[in-house]
Amino acid sequence: MRRLAGVEDEEKWLAEGIAGIQHNAFFMHRALDANNLREVLKYSALMLSELRTSKLSPQKYYDLYMRAFDELRQLEVFFKDESRHGLPVVDLYELVQHAGNILPRMYLLCTVGSVYIKSKQAPSKDVLKDLVEMCRGVQHPIRGLFLRSYLAQVSRDKLPEIGSEYEGDANTVMDAVEFVLQNFTEMNKLWVRIQHQGPGTVREKQEKERNELRDLVGKNLHVLGQIEGVDLEMYKETVLPRVLEQVVNCKDELAQYYLMECIIQVFPDEYHLQTLETLLAACTQLMPTVDTKIVLTQLMDRLSNYAASSPDVLHEFLQVEAFAKLSNAIGKVIDTQIEMPIVGAMTLFVSLLTFTLRVHPDRLDYVDQILGACVVKLSSVPKLEDARAMKQVVALLSAPLEKYNDIVTALTLSNYPRVMDHLDDGTNKVMAMLIIQSIMKNNSCISTADKVEVLFELIKGLIKDLDGTDTEELDEEDFQEEQNSVARLIHMLDNEEPEEMLKIICVVRKHLMTGGTRRLPFTVPPLVFSALRLVRQLDSQGGDITGEEVSATPRKIFQILNQTIEVLSSVPCPELALRLYLQCAEAASDCDLEPAAYEFFTQAFILYEEEIADSKAQVTAIHLIIGTLQRINVFGVENRDTLTHKATGYSARLLKKPDQCRAVYACSHLFWVDDIDGIKDGERALLCLRRALRIANAAQQMANATRGSSGPVTLFVEILNKYIYFYEKGNPHITPSDIQSLIELINTEMQSDDNGNRRIHSDPFFTSTLRYIRFQKQKGGVIGDKYDLIKL
Amino acid sequence: MNYLRGAFKPACNISITFTDGKNRKQVPVKKDNGQMVMNPLFHSQETIAGKVCIEPYQGKKVEHNGVKVELLGQIEMYFDRGNFYDFTSLVRELDVPGEIYENKAYPFEFPTVEMPYETYNGVNVRLRYVLKVTVTRGYAGSIVEYQDFVVRNYSPLPPINNSIKVRSKLSQFPGSLSLFILNPFALKPLLASDMLNSFGPLLDVQMEVGIEDCLHIEFEYNKSKYHLKDVILGKVYFLLVRIKIKNMDLEIRRRESTGAGANTHVETETLAKFELMDGAPVRGESIPVRLFLTPYDLTPTHKNINNKFSVKYYLNLVLVDEEDRRYFKQQEITLYRLKDESS
């Protein structure tokens, strides 16, 4: 009937029920005031009869129940006071049983029963036993559940537990436990039974209703957990087996799941630890549809927390071989529950791992064992596709990283990479990123080639294209971030020992070379710099290593570098390659390896000639070349001449005149290095400057011709500054008159414009240059003397 | 009427008092008109003694042919109302014929009277004890006065008092009427006549099969003989439940049969209806039975009282399913009055 009724009908029935209760309660109150026992019993029974309804859903029924409950409290007060009703409580106990309907009868009996216990005229265990037995008469699930929960409620403070006034003599805590267990068993049966009522079409609604009622059942377990005096022994021998028996035998998914959850939550951790075997055995006997993994997960989480709570308890875990038991149980569950999705298994492994890391942080073999089991499970299924499962695997793999804060530890786990193999590419990358992040965060240094090898095997998702990856789909930003991470990682690989370091570099190189054109620009530079660092290290250690029978010589490293960078130029990424060549050249120069340095320069020039076509890039490149070349002092005269000549030549052939001009005057520095042993070819420096002047002039004229304006005098000012610089540095070929005439030239240029108008000195660069000269004059001293020769 | 009655007013007032009337226990008895009156209580083998007072009305004298008091045990069948069958009759002559002018008291005594039967007020029959005082007069008609009293007899504890155990599994007793099913519509309050009918032709073979496959129960009452303040304990055990049971009641039924042979008249009343179970049990469930007999108006079982009537009691276990079909099983119990009861 109820199933078909609408919500409004239910509201109506509830209202009717409440009205009925209020009506009869009114008369009951009158009788209470008059101390008229007969009338009290009559109207209280009538009032309680409202609870006999079958029309309400559990929630609404609860409303009704609560109303009646409140009234029963007053009734209890009346029953307690013998002077008011004049009957010994034992007679009252019989009298209320005369009620013809069972439900009112039982509510009244429970109420009087609680008074009876309180009066201590009968042993509490006998009364409790009688009540819990008599309640069997109510077999209707909802009514029975509420009745029994009423019983549980009124008896809660009257259980003969340790320390209670009702304990003692024949009443032991065992009786209390027995009572609660029995009530629990019966309630669970009623609860499970709900599903067998009504047609299958309302299954969903029933499940919902059952869920609403579950706390009534679970309350008993809470009480069990709270009874004073249930020691481990009793828990192990009586409480747990009985509860589990009920759980297993009820063969109901919802109940099993909820009750296992309850058991895990309400009883103390140490009890769980000591009864692990029993508990786990029960887990494997649950219905196949029960989400055992959540149950086990919760259990392990609790145990983990327990282990973390105090180091003193750890030995208990060892004593009971908690790991082995849990591991076995999980294995069994996974084996038996074939339908369990892979994500479930993975969740279990994660929990077990968390547990292990907390309890046995020193047992890496356990961790590896778990990962091994995970591999077995993963191998048994086709390629992992479930995103949630993937997430769990990531969690599984991250856990050791977090725990040990050290990738090095994880690298010793042989099953670690095997698990990673089962991830899809995307996740694999995420995991690789996590690994790298962990390394970065902890600043852990990976210092052997073997570990580097393993590590790169782990993060190979980032290093190279895996089969079937569609590179088109990749997000550019993500890609860059990934590759930047890899680049950062390379710097974390370090070993003091050059031998090993070289090995590391070789390993890294081997892996990076597989990365393909998109990755190399990111990954090669750090590798190069890492190698250069090694070179510098070798260099600073002195020459005693070079020439001996060791592989880690700078020469060898430069060979490797050369090959490495060469790859870049084919990528094509010539600008980057050029920069790296120049870096290497400089390093080689520092190591006094002229041939190597020359080779690198050659490579750089070739790149410049062949690959760098863009004029802007050319400008940048030529300035880099000039800058580097200027700093290198390893070259012999001949080599140097060749290179400088080349550089000057390229400078003069740049496309734009201003660029030409600037490059050429920069070249002047190639001939005058302001070092103690630097080259000092003042004449050629001057030649460069003159040439630059010519070009500047040409540029000026060209500008005049094409745009009708002479354009700025910036180039002249710049050249002027070069003049001043060399003059100051003591280049004998630069005379004060040169400078003076240049200043005049600039002035003239600035005064003449197309309209013949005088122009104010408006170029700030020129102004400050002049100011500088004046300043030096005023300052006096050696330099000031020189400037005195210049007339402004 | 008053005036008429005045004309025929008896010449005297007769009152009967018992010797220990003030101390003797009184029990309520329902009179024919439905009123409750208190009557003194006696047991068999007691001496019934007292006093008969005759008080002539002012200024009148009572002439009589003798005064006597009788102790009568009577059975009255309601279908034969007014016709009493006396199974006990004792007489004491109190006075020889003469005249009474003033109040006169006559003590009387019936020593250790044998009163084998209990007072009983049934549907179709009544058993009563009465003292009858007759002032015999010739012409004006005798003046008669009655005084009822109640007799109750204790029984000793029955030497054998087995529990009742029934296993209702039709497949084992195909021929027996172990469970009855009644027409669900005809039977809201279970009536005596329906009960009778159900003992035979109404029983549906199909239903029996249905029951066989859907409901097997086993029940047990702790005794077969209960005293009137006793409590019935027991349990009902469900072996097989394939029907949706709504509730289960235990009824106490009284079966009163009067007459003999072809004239036997049977009347059944349900005196108690006590809900044992609410809702549908599942297989393996056992439901406790605890029924206090105190609140109900019961008498001991009477077997063939003077060949006139019998009163038997039954426990009727009734199961009602969701379609209001009723299944029941009835067991006779013997009720007796125990000596150390307060009444």
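As a basis for the values below, the full set of heavy atoms in this structure was taken, side chains included, without hydrogen atoms, waters or symmetry mates. Just so it is clear: chains get the letters A, B, ... in the order the sequence lines come, proteins before strands, and each one is counted from 1. Quick caveat, the model's predicted, so the values are computed rather than measured.
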Which heavy-atom pair separates [X] from [Y] by the least distance, and what is that distance?
X: Pro281(B); Y: Gln139(A); result: CA-OE1, 3.8 Å
X: Ile102(A); Y: Glu275(B); result: N-OE1, 2.8 Å
X: His98(A); Y: Tyr296(B); result: O-OH, 4.2 Å
X: Pro288(B); Y: Gly137(A); result: CD-N, 4.2 Å
X: Val282(B); Y: Arg193(A); result: CG1-NE, 3.3 Å

Atom [atom1] of [X] with >12 non-hydrogen neighbours under 6.0 angstrom:
X: Lys223(B); atom1: NZ; value: yes
X: Arg283(B); atom1: CZ; value: no
X: Lys158(A); atom1: NZ; value: yes
X: Arg67(A); atom1: CZ; value: no
X: Tyr62(A); atom1: OH; value: no
X: Gln59(A); atom1: CD; value: no
X: Lys235(B); atom1: NZ; value: no

Please step through side-chain contact (heavy atoms from CB on, under 4.5 Å) for the pair Glu285(B) and Lys189(A), ending with a clear verdict. CA-CA 10 Å; Glu285(B) 207 65 68; Lys189(A) 283 202 265 185; 4.1 Å; yes
Tell me which of these, Glu186(A), Met106(A), Arg52(A), Gln97(A), has more heavy-atom pairs under 4.5 Å with chain B than the rest. Gln97(A)
As an exercise, state the distance from CG of Asn247(B) to CG of Asn101(A), rounded to the nearest 0.5 Å. 8.5 Å
Arg290(B) and Glu133(A) ion-paired at < 4.0 Å: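 No, no charged N to carboxylate O under 4.0 Å.
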Does any backbone or side-chain atom of Glu94(A) lie under 4.5 Å from a heavy atom of chain B? Answer side chain, backbone, both or neither.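 Its backbone and side chain both get close to chain B.
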